[in-house]
A.B. asks: 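Can you read through this structure? Questions will come right after.
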Amino acid sequence: MGINLKDLTVIKPINLAELRGKKLGVDAYNMLYQFLSSIRQPDGMPLQNSEGVVTSHLRGLLSRVSYLNSEGIKLCFVFDGVPHPLKRRLLDERKERKKKAQREWEEALIVGDLERARMKAQQTSILTDKMIDETKEVLDALGVPWVQAPSEGEAQAATMVRDGILDAVASQDFDTLLYGAPIMIRNLTLSGKRKLPRQQKWINIEMEKIVLEKVLEENQITQEQLIDLAILIGTDYNRGIHGIGPKKGIKIIKECGNAEKCLEKLDQQIDNLDELRKMFLDTKIYSTKNVEVNWKEPVKSKTIELLCGKYEFSKSRVDNALDKFFGPGKGKAEQVTLGDFK
DNA sequence: CCGGGCAA
DNA sequence: TTGCCCGGG
């Protein structure tokens with residue numbers, strides 16, 4: 001789930017109005033996974049149609065997309081392609097953790113501990129290729145564009161922002177900054193409330209804007225140093241140096257200048273250092289060039305056929321969502337905000 | 001996660 | 001209006 005760069009980032013709270021008229025590249029996997037894991041019943045079961053086809057991801061997608069669209073925010077979904085081989089270790093670890101969570105979910109159900117059951121169920125979430133295909137089909141029906149990245153979606157999205165095709169990348173993951181996305185948006189949600197795991201507490205979640213240039217400026221480091229720092233802390237693609245977190249990491253990278261010198265000083269080693277850097281730095285290698293994105297009106301009949309027919313959503317819910325693409329709110333899209341968005 | 005419904 | 005709970009498929 002990326003690295004924790006929160007301590008080093010300059011976070012600016014942002015509201016929906018500031019995003020009006022903006023084109024956002026959505027880290028599709030990131031968003032769908034959140035839906036799949038959180039839209040669940042008390043016992044932990046996801047939503048499904050009468051044939052047992054899971055629909056939580058589509059349920060979340062419909063409300064998120066329609067709402068943001070009614071606010072004049074244009075989304076372009078960016079899907080992950082083939083993961084870099086160095087990610088294998090992480091993916092295998094995740095798979096094991098999910099197996100364990102599956103067992104614990106079943107155990108919690110037997111004991112009747114619903115809260116624990118739900119929590120464990122969330123951890124079992126696996127976004128399948130089928131779900132990804134279903135999502136693309138629904139997006140097509142809604143007229144919402146999507147892009148298939150050859151490798152990491154975040155690299156693709158970052159490139160599109162740098163190329164001026166999009167305004168920002170929407171993701172929870174700070175990796176987005178490593179890929180050089182000039183602007184990222186976190187917590188692209190509607191209601192600001194979220195339940196804290198294991199606790200009765202609710203906290204307010206605000207949308208956040210993070211400008212890469214400001215992060216570098218604030219820490220007095222270069223993009224290359226940010227990447228080296230992340231590698232020292234540990235990324236999805238490599239284990240970090242034990243005892244080095246954001247705090248010690250920033251200190252030592254500024255002191256030594258680059259990862260090699262840090263490693264020398266710490267008498268440590270990191271495999272594939274150059275390959276890791278290349279992946280974050282030469283993003284274009286891992287992105288498709290000349291992609292085009294177009295926003296269209298939803299095809300109502302197709303949307304209803306899919307969501308109400310195949311997935312058995314209620315007609316009123318789908319109608320309501322579709323209205324947000326046409327109804328009174330549509331005018332908001334025209335009130336494009338000016339300025340350089342920084 | 002989010003919207004609708006209903007209570008305060 | 002605001003807050004909380006529930007159901008969604």
Side-chain angles (χ1 to χ4, degrees), chain A residues 1 15-16 19 24 26-73 75 77 105 114-115 117-128 130-135 137-139 141-142 144 170-173 185-208 298 302-329 332:
Chain A
M1 282 260 95
N15 55 41
L16 277 176
L19 290 176
L24 306 182
V26 176
D27 179 351
Y29 182 93
N30 194 267
M31 187 179 276
L32 293 170
Y33 185 86
Q34 285 177 55
F35 292 145
L36 184 61
S37 99
S38 60
I39 304 181
R40 283 171 185 267
Q41 293 170 293
D43 64 355
M45 286 297 282
L47 302 186
Q48 327 173 22
N49 74 3
S50 56
E51 286 166 10
V53 174
V54 174
T55 56
S56 293
H57 56 304
L58 300 173
R59 177 67 186 76
L61 181 82
L62 182 70
S63 56
R64 185 74 64 89
V65 166
S66 62
Y67 176 75
L68 292 174
N69 187 80
S70 76
E71 291 293 329
I73 298 163
L75 303 183
F77 284 75
W105 178 15
L114 275 190
E115 200 186 340
R118 199 174 191 284
M119 187 182 82
K120 289 300 166 187
Q122 290 188 218
Q123 295 170 0
T124 66
S125 305
I126 295 172
L127 203 56
T128 63
K130 183 163 163 281
M131 291 176 190
I132 297 290
D133 290 341
E134 292 161 354
T135 303
E137 194 182 22
V138 169
L139 288 172
L142 288 171
V144 175
S171 174
Q172 294 303 101
D173 235 324
I185 306 289
R186 297 184 78 233
N187 306 333
L188 186 72
T189 69
L190 333 186
S191 113
K193 287 187 175 163
R194 193 169 300 178
K195 188 150 183 214
L196 248 42
R198 288 264 87 178
Q199 293 172 52
Q200 304 285 67
K201 275 196 209 155
W202 291 75
I203 45 163
N204 252 346
I205 299 286
E206 280 190 304
M207 274 202 275
E208 300 171 345
K302 181 69 185 168
T303 308
I304 290 166
E305 180 193 316
L306 273 177
L307 295 180
C308 301
K310 191 170 173 189
Y311 302 116
E312 300 168 10
F313 283 31
S314 85
K315 182 74 162 45
S316 61
R317 201 186 282 283
V318 175
D319 282 340
N320 188 267
L322 280 170
D323 284 345
K324 296 203 172 127
F325 285 83
F326 300 98
K332 287 180 180 173

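So that the names make sense, note that chain A is the first sequence line, chain B the second, and so on, each numbered from 1.
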A.B. asks: Backbone N or O of A/M45 within a donor-acceptor pair of the A/D43 side chain at under 3.5 Å?
C.D. replies: yes
A.B. asks: How many whole angstroms separate atom CZ of A/R59 from atom C1' of B/dG3?
C.D. replies: 7 Å
A.B. asks: Looking only at the side chain of A/S38 (C-beta and beyond, no hydrogens), which of the listed nucleotides C/dG8, B/dC1, B/dG4 gets closest?
C.D. replies: B/dC1
A.B. asks: Please work out if A/S314 contacts a base, only the sugar-phosphate, or nothing of the nucleic acid, heavy-atom cut-off 4.0 Å.
C.D. replies: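 Sugar-phosphate, backbone atoms only, no base.
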A.B. asks: Are A/E137 and A/K310 within salt-bridge range, i.e. N to O under 4.0 Å?
C.D. replies: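 Result for this pair is yes, salt bridge flagged.
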A.B. asks: Output the rounded distance in Å from CZ (A/R40) to P (C/dC6).
C.D. replies: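 In whole Å, C/dC6 P and A/R40 CZ are 20 Å from each other.
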A.B. asks: Which nucleotide wins on minimum distance to the side chain of A/F35, given the candidates B/dG3, B/dC1, C/dG9?
C.D. replies: B/dC1
A.B. asks: Grab the two heavy atoms, one from A/V54 and one from A/E134, that are nearest each other, plus how far apart they are.
C.D. replies: O-OE1, 4.3 Å
A.B. asks: How close or far is atom P of B/dC2 from atom CE of A/M207, stated in whole angstroms?
C.D. replies: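 Going from CE in A/M207 over to P in B/dC2 covers 11 Å.
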A.B. asks: Within this structure, what is the CG-to-P distance between A/L306 and C/dG9, rounded to whole angstrom?
C.D. replies: 15 Å
A.B. asks: Rounded to whole angstroms, how far apart are OH on A/Y67 and P on B/dG3?
C.D. replies: 7 Å
A.B. asks: Between A/R186 (side chain) and A/A170 (backbone), is there a donor-acceptor pair under 3.5 Å?
C.D. replies: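 No; zero donor-acceptor contacts below 3.5 Å.
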A.B. asks: Calculate the interatomic distance between A/I39 atom CD1 and B/dG3 atom C1'; express it in whole Å.
C.D. replies: 11 Å
A.B. asks: Give the rounded distance in Å between these two atoms: CG of A/L58 and P of B/dC1.
C.D. replies: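 Taking CG of A/L58 and P of B/dC1, I get 17 Å after rounding.
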A.B. asks: With sugar-phosphate meaning primed atoms plus P, OP1 and OP2, does A/R317 contact a base, only sugar-phosphate, or nothing at under 4.0 Å between heavy atoms?
C.D. replies: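 Answer is sugar-phosphate: A/R317 comes under 4.0 Å of backbone atoms only.
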A.B. asks: What nucleotide, of B/dG3, B/dC2, C/dG8, holds the atom closest to the side chain of A/R64?
C.D. replies: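 Taking heavy atoms from C-beta onward, the closest nucleotide is B/dC2.
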A.B. asks: Closest to the A/E312 side chain: B/dC2, B/dC1, C/dG9?
C.D. replies: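 So the side chain of A/E312 is nearest to C/dG9.
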A.B. asks: Without decimals, in angstroms, what is the distance between A/M31 CE and B/dC2 C1'?
C.D. replies: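 From A/M31 CE to B/dC2 C1': 13 Å.
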A.B. asks: Would you say A/Q172 and A/M31 make side-chain contact, with heavy atoms under 4.5 Å?
C.D. replies: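 No, too far: nothing below the 4.5 Å cut-off.
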A.B. asks: Among the candidates B/dC1, B/dC2, C/dG9, find the nucleotide nearest to the side-chain atoms of A/S63.
C.D. replies: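 The nucleotide sitting nearest to the side chain is B/dC2.
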A.B. asks: Starting the side chain at C-beta, find the nucleotide from C/dG9, B/dC1, B/dG3 nearest to A/N49.
C.D. replies: C/dG9
